Amino acid sequence: MPQQDLQEHRICKLEEDVKTLYAKMNGFAVTSAELNTKLDSVLLTLGELKESIKSVQDRPSKMWDKFLFAILTALGTGIGTAILVFLK
């Protein structure tokens, strides 16, 4: 009889250990899911920051393009006016 009591005690202890392990694994799964959600959020924010930085970097080149177009238009208008005055 003492052998059976010893085995029952060991089985109860193992059942408690298994329940504890399952609880820890469940907690790990929840923590992992939360971490994945936060990581996705960080990656999304990083993508938005990259787009924002790219638009800020592209702004000076767009301004130079507009500036050069304005200069070329002014030169073209001046040359065109000079030709019309010369022909008149």
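Just so it is clear, the model here is predicted, and its values are computed rather than measured.
Partner of I53 under the side chain to side chain contact (heavy atoms under 4.5 Å, CB included) criterion, out of Q57, E51, K50: Q57 alone. Exactly one of L84, T77, I83 qualifies for a side chain to side chain contact (heavy atoms under 4.5 Å, CB included) with T81. That residue is T77.
Looking only at distances, a side-chain donor or acceptor of T31 sits under 3.5 Å from a matching main-chain atom of G27. With T73 contributing its side chain and F69 its backbone, the two residues share a donor-acceptor pair below 3.5 Å.
I71 contributes atom CD1, which lies 8.0 Å from atom CH2 of W64 (distance to the nearest 0.5 angstrom). Put simply, OG on S32 and CG on L39 are 10.5 Å apart, with the number rounded to the nearest 0.5 Å.
L14 and L6 fall into different hydrophobic clusters, where Ile, Leu, Val, Met, Phe, Trp and Tyr residues are linked whenever their side-chain heavy atoms come under 4.5 Å apart, directly or through other members. Transitive grouping of hydrophobic side chains (ILVMFWY, heavy atoms separated by less than 4.5 Å) keeps V56 and L49 in distinct clusters.
Taking the side chain as every heavy atom from C-beta outward, E15 and I11 approach each other to under 4.5 Å.
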Item to check | Verdict with reasoning, E34 to V30, per side-chain contact (heavy atoms from CB on, under 4.5 Å) | outcome: CA-CA 6 Å; E34 290 173 353; V30 169; 3.8 Å; yes

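Of the charged side-chain nitrogens involved, none lies within less than 4.0 Å of a carboxylate oxygen, so that K62 and D58 do not count as a salt-bridged pair.
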